[in-house]
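Heavy-atom basis, side chains included; hydrogens, waters and symmetry copies ignored. Note that this is a predicted model, so its numbers are computed, not measured.
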Amino acid sequence: MKKFHFLLLAVVSIILAACSMESPFLENANEGTTGETYKIGFSISTLNNPFFVTLSEGAKENASNEGAEISIIDAQDDASKQAADVEDLIQQGVDLILINPVDSSAIGSAVESANAAGIPVITVDRSTESGEVVAHIASDNVAGGMLAGEYLLEQVGEGAKVAMLEGIAGSSAARDRGEGFLKAVDGKVELVSSLTANFDRGEGLTVMENMLQANPGIEAVFAQNDEMALGALEAIKAANKKIVVIGFDATDDALAKIEAGEMAASVAQKPEEIGKAAIETAVKYLNGETVEEFVPVDLELVKK
């Protein structure tokens, strides 16, 4: 009998000791109102662009702060790959999907698939033309395009011959930045050329070379992102011309060119803040809090 009592006491002691230990799950748990560790998938258009690298780093940092797990997948500027990536995230059963679309029209079917699976979606920097999203996190690209257009007018005056390098056709960023720029300069300058260079530096160089051959009198260029602007600068230097170049995103490379006096200006979007805001909004929504349909991130014109 004494032996039985001893064994019973030992078992009780072990149980009490186990209960007093902190669960390893709780150590990694989200410290929000639900106490869960949320799994968030992030399909990003490309990681071959400094802007989106910084944006993804902001998202990673805030996910760590919020105690959430994040999986970032590079769509490599391929709309078909992005659709497949989103389907994979759905199959993994993530709690929420962040999408930075390659193509705002093409991504719609993937958003609708997530809707059907009951997985909430938040779009980042670029919107979707179909499907339901709980929020959109971005700068006001129309306003940014207008900032660029107004500054270009200050630099070259009315009647100047101007060109525009467009981003990926079908992306909301390209559409909105172009819309804002044209609002600012419509009827005040001669837009001699407007061609896509797909937000890519190499294509920006090639397209700018072609523009200069067809229109040697170009006085100013608005590029819808800094990568294209930097490519255009190379073409302009090679042609030994002096042309006002304005970009968008205020990447480190562009800021260096502005400081050196080679580039006139760039519209700063603050990608790290966009990434952080995306995670903050996602966790709020998953915690059952109300979130705004559009969460704007401030922008500004950066010049020397």
Side-chain angles (χ1 to χ4, degrees), residues 43-56 72-86 99-108 110 123-129 138-139 141-142 144-145 148-149 162-182 191-215 218 220-239 243 245-254 257 263 266-267 269 271 274:
S43 172
I44 199 159
S45 61
T46 178
L47 289 175
N48 191 32
N49 181 321
F51 176 84
F52 292 113
V53 171
T54 303
L55 192 156
S56 67
I72 296 176
I73 304 173
D74 181 2
Q76 300 171 7
D77 269 337
D78 184 330
S80 297
K81 181 181 185 305
Q82 184 164 53
D85 291 343
V86 173
I99 303 178
N100 161 238
V102 172
D103 185 310
S104 297
S105 176
I107 197 61
T123 47
V124 182
D125 187 58
R126 303 171 185 167
S127 62
T128 177
E129 292 181 6
S139 302
N141 281 305
V142 175
V162 172
M164 178 164 64
L165 290 173
E166 302 171 23
I168 296 171
S171 69
S172 60
R175 181 185 63 240
D176 293 347
R177 292 173 192 180
E179 178 187 335
F181 177 74
L182 293 175
L191 186 65
V192 296
S193 185
S194 183
L195 298 172
T196 183
N198 292 308
F199 289 134
D200 181 79
R201 189 180 301 201
E203 290 190 44
L205 188 158
T206 303
V207 172
M208 192 71 230
E209 286 176 339
N210 295 335
M211 284 181 167
L212 290 173
Q213 287 176 2
N215 303 279
I218 290 173
V221 178
F222 168 53
Q224 292 177 357
N225 84 336
D226 284 337
E227 287 297 286
M228 294 188 296
L230 292 164
L233 276 176
E234 292 182 43
I236 291 165
K237 280 184 184 178
I243 295 173
V245 178
I246 298 174
F248 206 114
D249 289 340
T251 62
D252 289 344
D253 286 352
K257 294 296 184 183
M263 190 165 151
S266 181
V267 179
Q269 269 207 96
I274 294 174

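- The distance from atom CZ of Phe52 to atom CD1 of Ile44, rounded to the nearest 0.5 Å, is 6.5 Å.
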Step-by-step side-chain contact (heavy atoms from CB on, under 4.5 Å) determination, Met263 to Leu233 = CA-CA 8 Å; Met263 190 165 151; Leu233 276 176; 4.0 Å; yes

Tell me, with the steps shown, if Asp125 and Gln269 meet side-chain contact (heavy atoms from CB on, under 4.5 Å).
-> CA-CA 10 Å; Asp125 187 58; Gln269 269 207 96; 3.3 Å; yes

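- Within the 3.5 Å criterion, the main-chain N or O of Asp74 finds a donor-acceptor partner in the side chain of Lys81.
- Judged purely by atom type and a 3.5 angstrom limit, Asp249 has no side-chain atom pairing as donor or acceptor with the backbone of Phe51.
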From CA spacing to verdict: side-chain contact (heavy atoms from CB on, under 4.5 Å), Asp103, Ser171 | CA-CA 5 Å; Asp103 185 310; Ser171 69; over 6 Å; no

Enumerate, atom names and distances included, each donor-acceptor pair closer than 3.5 Å involving a side-chain atom of residues 203-212, sequence neighbours excluded.
{"residue": "Glu203", "atom": "OE1", "partner": "Asn198", "partner atom": "ND2", "Å": "2.8"}
{"residue": "Thr206", "atom": "OG1", "partner": "Gly202", "partner atom": "O", "Å": "3.3"}
{"residue": "Asn210", "atom": "ND2", "partner": "Thr206", "partner atom": "O", "Å": "3.4"}

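- Judged by distance alone, with hydrogens and angles left aside, the side-chain atoms of Asn141 form no donor-acceptor pair with the main-chain N or O of Arg177 at under 3.5 Å.
- Scanning both residues, Ala174 and Ile168, for their nearest heavy atoms gives CB-O, 3.6 Å.
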Side chain to side chain donor-acceptor pair (under 3.5 Å) between Ser193 and Asn215, worked out = CA-CA 8 Å; Ser193 185; Asn215 303 279; 4.6 Å; no

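- Considering all non-hydrogen atoms of both residues, Ser127 and Arg175 come closest at OG-NH2, 4.1 Å.
- With sequence neighbours left out, Arg201 forms a salt bridge (charged side-chain N to carboxylate O under 4.0 Å, His left out) with Glu227, Asp253.
- Among all heavy-atom pairs drawn from Ile99 and Ile107, the shortest one is CG2-CG1, 3.8 Å.
- Contact detail for Ala148 and Phe222: the closest heavy-atom pair is CB-CE1, 3.5 Å.
- Atoms OG and NZ, on Ser266 and Lys257 in that order, are 14.0 Å from each other to the nearest 0.5 Å.
- Of the possible polar contacts, none joining the Gln224 side chain to the Glu166 backbone as a donor-acceptor pair under 3.5 Å is found.
- Between Ala79 and Val102, the shortest heavy-atom contact is N-CG1, 3.9 Å.
- When every heavy atom of Ser104 is checked against every heavy atom of Arg126, the shortest pair comes out as OG-CB, 4.4 Å.
- Asn225 places a side-chain N or O within 3.5 Å of a backbone atom of Met228 that can act as its donor or acceptor partner.
- Within the structure, the side-chain hydrogen bond (donor to acceptor under 3.5 Å, both in side chains) test picks out the following pairs touching residues 44-53 (sequence neighbours left out): Ser45-Asn100.
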Can you list the steps and then say if Ile218 with Val162 is a side-chain contact (heavy atoms from CB on, under 4.5 Å)?
-> CA-CA 6 Å; Ile218 290 173; Val162 172; over 6 Å; no

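- Taking OG1 of Thr54 as the start and CD1 of Ile274 as the end, the distance is 10.5 Å to the nearest 0.5 Å.
- Side-chain contact check for Asp85 and Ser43: no donor-acceptor pair (N or O, by modelled atom type) lies under 3.5 Å.
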